[in-house]
Amino acid sequence: MTTQTVRSAINRADSAAYDAQRDVEICVKHIEDWLDRLKTATAELRQAREQLREAKQLADTHGLDHEIPYSPT
């Protein structure tokens with residue numbers, strides 16, 4: 001049977017708690033970054049869908065070969 005002092009057990013537990021806290025903070029940071037990216041992607045998707053809706057409406061009204069100004073996004 002292996003033994004350790006209470007002091008050693010406290011030190012190990014404290015170190016494990018520190019490591020776990022650091023990992024939690026890193027995960028929270030990643031979540032915040034992903035939420036920012038999700039908001040950006042959602043806005044871009046909304047804009048692309050609106051452009052698609054407008055283009056389909058023009059196609060229905062004027063045909064597929066109707067010329068319109070080019071505007072890169």
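Since the model is a prediction, treat every value here as computed from it, not as a measurement.
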Item to check | side chain to side chain contact (heavy atoms under 4.5 Å, CB included) assessment of D19 paired with R22 | outcome: CA-CA 5 Å; D19 291 343; R22 187 184 60 208; 3.8 Å; yes
Which atom pairs, one a donor and one an acceptor, fall under 3.5 Å between side chains of residues 33-46 and the rest of the protein, sequence neighbours left out?
from	atom 1	to	atom 2	distance (Å)
D33	OD1	K29	NZ	2.9
T40	OG1	D36	O	3.1
T42	OG1	L38	O	2.7

Checklist entry - Can you name the one residue among Q57, K56, Q51 that meets side-chain contact (heavy atoms from CB on, under 4.5 Å) with R53? => result Q57
Checklist outcome for this item: Members sharing L64's hydrophobic cluster, built from side-chain contacts under 4.5 Å between Ile, Leu, Val, Met, Phe, Trp and Tyr, are none
Checklist entry - Which residues satisfy the ring-ring contact (aromatic ring centres under 6.0 Å, His included) test with H30, sequence neighbours excluded? => result none
Checklist outcome for this item: Separation between CG (N11) and CD (Q4), nearest 0.5 Å, reads 9.5 Å
Item to check | Other residues, nucleotides, ligands: >12 heavy atoms within 6.0 Å of R7 CZ | outcome: no
